[in-house]
Structures are given as structure tokens and as C-alpha cells.
There are 2 protein chains.
Amino acid sequence: MQDRRVLRGESLLFLTDDQLLQGIELMFFAYRGFTSDPDKILDNHTYGRAHHRAIHFVHRQPGTTVNNLLDILGVTKQSLNRVLRQLVDDGLIESRVGERDRRERHLYLTQAGVALESELSATQRKRMREAYKAAGPDAVQGFRTVMEHIMDPEMRRHVNSPKRD
Amino acid sequence: MQDRRVLRGESLLFLTDDQLLQGIELMFFAYRGFTSDPDKILDNHTYGRAHHRAIHFVHRQPGTTVNNLLDILGVTKQSLNRVLRQLVDDGLIESRVGERDRRERHLYLTQAGVALESELSATQRKRMREAYKAAGPDAVQGFRTVMEHIMDPEMRRHVNSPKRD
DNA sequence: CAATTTATGTCAGTCTTGTTGACTTTCCAA
DNA sequence: TTGGAAAGTCAACAAGACTGACATAAATTG
């Protein structure tokens, strides 16, 4: 039983289980490499990936609320709270009571927070930059397209939208 | 200070920090989606991602040794051993003493192991297949190229090499 | 205005999965 | 043949997820 598109000449060989298996392994190994650089830095600060994620998204959306962060990170509030408490205590994140709604806490990086974010981000941007440069713009566009389809659709809106090329 | 290539007309705008930031977030969200389906299945078996990874690579390389698996997975042998012990105890993996070198253990999936592997793999292949199908073959090629450059170079040899398209 | 809902924070306990350290068995080479 | 290296195992600990219960304050609703 063959796919009709194959019969019409559109090769679907990129959809064989073998190719998909490769994709699965690419995800595994690429993600490992991707997280390895920041992990080394975080070790020196007795922080973990959870702290990095919080710092990253507070940096990208200054003033974001705890609830919004929960939505983005997909962890429990207890888990996020532990991390945020440490970062606030250590003076990397500032938590301001909301003006309009005083139940909300709006989160901002302090100067020290920005410094650590830069350090962490620099290693990851370096890795991405080198990969992008080696692969070229067309490959990067393909990468984006595939990645957006791999993620859960409702998460796409959380992805940074760069100014058009 | 502008890159010479920009002056020569080759747009390097896909290398702006904004674009790289997007790449970083694509990695984060795509990986989360990618692991979410198997995670649900694993919960019912009181297993975690570590078990999935072991099962995956034993399936792909039957007879692989613990040491080889350690190299692929990048964890400590103690960490891997705990996972393997459970899987062996539960009858999903068979561990055979090496014939040439009796220090080595060669790992194989049992029938039950193959069954769980299929179940886990099916959800991930489905996700990849749909993403690949939606993105098309050229995008997939770009995806591969970028992912291979993101990972640590010495890991590339561990990625499944499908038969040519 | 009272009752309910929402946003956040906290305490306690569990689980997975990583770590280090110490140990056994086996192999191999001096 | 013996001593070191390699492969694997056992034990204990830590980080960071999780659930569940509860607390507080502020906003919203009937």
C-alpha cells in the first residue's frame, strides 16, 4: 500500500521511519549540546537550568507576571516559586507589586541579573550563530519551519518574533 | 563596524541577536513538545525519560555495551546503571555477559522491551512525521543541517544515518 | 457588602535522575 | 603472576521536578 503522492512522483522518502528516527536523535543530541554551555556557567553559581529559563524569559519580557511565566515554562508554581525566591533573594530578579492589579507580581532583572543573563546568553548565541552561519540562511529557514511544527501549536506565540530579514 | 559580507550584498540579517534568540526559544519549546508525548506513556509505567533513552538506543543498536551507551547518553555509569537494572529486573532489557570480554555486558531488548519501545517511538515519530510533512523536504534538509551543527561534533557519529533519499 | 475567584506564596513529602565514592570482577601487560 | 586499568555494581546524597494542603491579599460578582 503506497502513498498516492509517491505514485505521482513526489518523493516521500524523507518521511520513512528511518528518517524520522534520525530526526528524533537530532533533537536529542542537539538539545544536549545546546544546554551544555550554560550548564557549565550555572554550576559556578549553584544554579540550574530552571534558573536559566526564568532569567531568560524575564529578560525577554521584563515586567512579566508569575502566572505568565508559569504558562511559558510549563512547571508548577511551587517549582517556579523556589527558583524565583532564590533569584530574588540573591538580587538577580526584582519582584514588584502590580499597580493595576496588586495581586500580581511583575518581574524584572536587576543589573546583576542582566549580567548573568548576558553571560549565559552569549554562549548559546555563539553556538546558534556558528550553526546558522555554517548552514546558511535557507537551511535556517527550514530549521525554523520544522521546529515550529514540532512544538505544541499554542506555544508558538511565545517564541520571539524577530524583525523581518 | 559592519561585516564585509553585508557590504558585498550577502544579507547576514539571519545572524542578528534577535534571530539567534528566536532559535534558542525554538529549541526550548520544540524540545518540550517533543518529549511530552512519551512522558505521558512513561508515567503509566513508573519510568522516566532516562528509561526511554536507554530503551531507544538499545533498540537501535542491539548488543551495545554499557560503556557505549554511556558515551552516547553522557551520564555517569552509576546513573545509567540504576535505570538499566530496573529495566532488566522488569524484563524489558536482557543483559548478556560478553563472550570475548567477559567484563562487558551486551544489551538487548526483550519482546516486552520492543513493545514499549514501539509505543514510545510511535508518538514521537508521529510528531516528527507531521512536522516534516507540513514543512516539506527542503525545510527538513535545512533542519538537519542546522541541528547537526548545533550538536557537539563528536556526537554526530551517533546520529542514525538513514538510507539515502 | 458578603461570597467567590484569582494571583501568589509556602510547607511538607515524594519521585526521577543526576552526582560522588567505594567496591568487585575481569582483562591484560610488564 | 601480579598490579593496574576497565567494566560494572551498590550506596548515599542533591537538584529539581511533582502533588496536596493551606494562607493571604486583592479583585470580582451576585
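Order of the sequence lines sets the chain letters (A, B, ...), proteins ahead of strands, with each chain counted from 1. A quick note: this is a predicted structure, and the numbers were derived from the prediction, not measured.
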Those residues that, when tested against A:F57, pass ring pair (Phe, Tyr, Trp, His ring centres under 6.0 Å) (two or more places apart):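 If we apply the ring pair (Phe, Tyr, Trp, His ring centres under 6.0 Å) test to A:F57, skipping adjacent residues, the hits are B:F28, B:F29.
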Partner residues of A:Y47 under the ring pair (Phe, Tyr, Trp, His ring centres under 6.0 Å) criterion, sequence neighbours left out: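 For A:Y47, the residues satisfying ring pair (Phe, Tyr, Trp, His ring centres under 6.0 Å) (neighbours in sequence not counted) are A:H51.
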Distance below 4.0 Å between B:H51 side-chain N/O and C:dT17 OP1 or OP2: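 For C:dT17, OP1 or OP2 has a side-chain N or O of B:H51 closer than 4.0 Å.
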Donor-acceptor side-chain pairing of B:H56 and A:E25 below 3.5 angstrom: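 Short answer, yes.
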No-hydrogen, no-angle side-chain donor-acceptor test under 3.5 Å, B:Q124 and B:R127: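 Looking only at side-chain atoms, B:R127 and B:Q124 do not form any donor-acceptor pair under 3.5 Å.
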So do the side chains of [X] and [Y] get within less than 4.5 Å of each other, counting heavy atoms only?
| X | Y | result |
| --- | --- | --- |
| A:T65 | A:L107 | no |
| B:N67 | B:D71 | no |
| A:Q19 | A:L15 | no |

In whole Å, I'd like the distance from the [atom1] atom of [X] to the [atom2] atom of [N].
| X | N | atom1 | atom2 | value |
| --- | --- | --- | --- | --- |
| A:Q78 | D:dA15 | CD | C1' | 17 Å |
| A:R82 | C:dG9 | CZ | C1' | 13 Å |
| B:R49 | D:dC18 | CZ | C1' | 13 Å |
| B:L87 | C:dT17 | CG | P | 10 Å |
| A:Q86 | D:dA14 | CD | C1' | 13 Å |
| A:R53 | D:dA15 | CZ | P | 16 Å |
| A:L80 | D:dG16 | CG | P | 13 Å |
| A:N81 | D:dT19 | CG | P | 15 Å |

Salt bridge (charged side-chain N to carboxylate O under 4.0 Å, His left out) partners for B:R156, two or more places apart: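 Checked B:R156 against salt bridge (charged side-chain N to carboxylate O under 4.0 Å, His left out); zero matches.
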A:D138: partners by side chain to side chain donor-acceptor pair (under 3.5 Å), with sequence neighbours left out: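 Here no residue qualifies.
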Under 4.0 Å from any atom of DNA chain C, heavy atoms only: list the residues of [range] that qualify, in numerical order.
| range | result |
| --- | --- |
| residues 27-41 of chain B | none |
| residues 90-105 of chain B | B:D101, B:R102, B:R103 |
| residues 55-77 of chain B | B:V75, B:T76 |
| residues 113-121 of chain B | none |

Going by the rule side-chain contact (heavy atoms from CB on, under 4.5 Å), which residues pair with [X] if we only count those two or more places apart in sequence or in a different chain?
| X | answer |
| --- | --- |
| A:S118 | A:V114 |
| B:D101 | B:R103, B:E104 |
| B:R125 | A:D17, A:L20, A:I24, B:S121, B:A122, B:R129 |
| B:T110 | B:E94, B:A112 |

Expected output: side-chain B:R32 to main-chain A:L73 donor-acceptor under 3.5 Å: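 Indeed, once roles are kept as given, a pair shorter than 3.5 Å links the two residues.
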